[in-house]
Amino acid sequence: METTDRSAFSVIAVQGLAIAIPALAMMLWGSPSSVPVVLGGITILLPNAFFAWASTRRRSGGWLLVQGVVKFQLSVVLMGIVFRYLTPDPLAF
């Protein structure tokens with residue numbers, strides 16, 4: 001794995017920790033907002049992980065724009081699915 005590959009995925013690891021630490025703290029204190037925090041984190045982390053993976057592939061600059069659009073659309077679709085079927089608290093999400 002190259003340095004750019006590692007740095008792209010290290011950002012994803014930091015984002016995962018930024019989601020997991022507050023969610024774990026909320027779970028320990030018995031907060032009902034812990035589930036929406038995890039759902040919101042996953043909704044954002046999955047498209048970012050896709051974008052990190054896709055951006056490490058060597059392609060022309062136009063593909064980076066396409067990957068950004070796909071990341072945005074994936075975020076919107078995941079948010080729609082979560083809000084439609086799981087109905088989390090919007091403020092905690």
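Computation of the quantities below employed the complete heavy-atom set of this structure, encompassing side-chain atoms and omitting hydrogens, waters and symmetry-equivalent molecules. The shown structure was predicted, so the numbers you read here are calculated from the model rather than taken from an experiment.
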Exercise. Of all residues at least two apart in sequence or in a different chain, which pass the side chain to side chain donor-acceptor pair (under 3.5 Å) check with Q73?
Worked result: none
Just verifying a value: how many Å separate [X] [atom1] and [Y] [atom2], rounded to the nearest 0.5 Å?
X: L74; Y: L46; atom1: CG; atom2: CG; result: 7.0 Å
X: W29; Y: L24; atom1: CH2; atom2: CG; result: 9.0 Å
X: I44; Y: I19; atom1: CD1; atom2: CD1; result: 8.0 Å
X: N48; Y: F9; atom1: CG; atom2: CZ; result: 11.5 Å

Exercise. If only atom types and distance count, is the side chain of Q15 paired as donor or acceptor with the main-chain N or O of L45 below 3.5 Å?
Worked result: no
What closest approach, in Å, do [X] and [Y] show between heavy atoms, and which atom pair accounts for it?
X: S34; Y: M26; result: CB-CB, 3.7 Å
X: V37; Y: A23; result: CG1-CB, 4.0 Å
X: I12; Y: A52; result: CG1-CB, 3.8 Å

Decide whether [X] and [Y] are clustered together by the hydrophobic rule: side chain heavy atoms of Ile, Leu, Val, Met, Phe, Trp, Tyr closer than 4.5 Å, transitively.
X: M79; Y: V82; answer: yes
X: F50; Y: V66; answer: yes
X: W53; Y: V70; answer: yes
X: L39; Y: F83; answer: yes

Exercise. Around F72, counting heavy atoms of other residues, nucleotides and ligands shown, do more than 12 lie under 6.0 Å from its CZ?
Worked result: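 It does not: F72 CZ has 12 such atoms or fewer within range.
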Problem set entry | T43 side chain reached by S75 side chain, heavy atoms, under 4.5 Å |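 A side-chain contact under 4.5 Å is absent here.
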Sequence neighbours left out, cut at 3.5 Å: what donor-acceptor pairs do the side chains of residues 85-93 make with other protein atoms?
none

Problem set entry | Worked verdict on V38 versus M27 for side-chain contact (heavy atoms from CB on, under 4.5 Å) | CA-CA 10 Å; V38 171; M27 282 183 209; 3.9 Å; yes
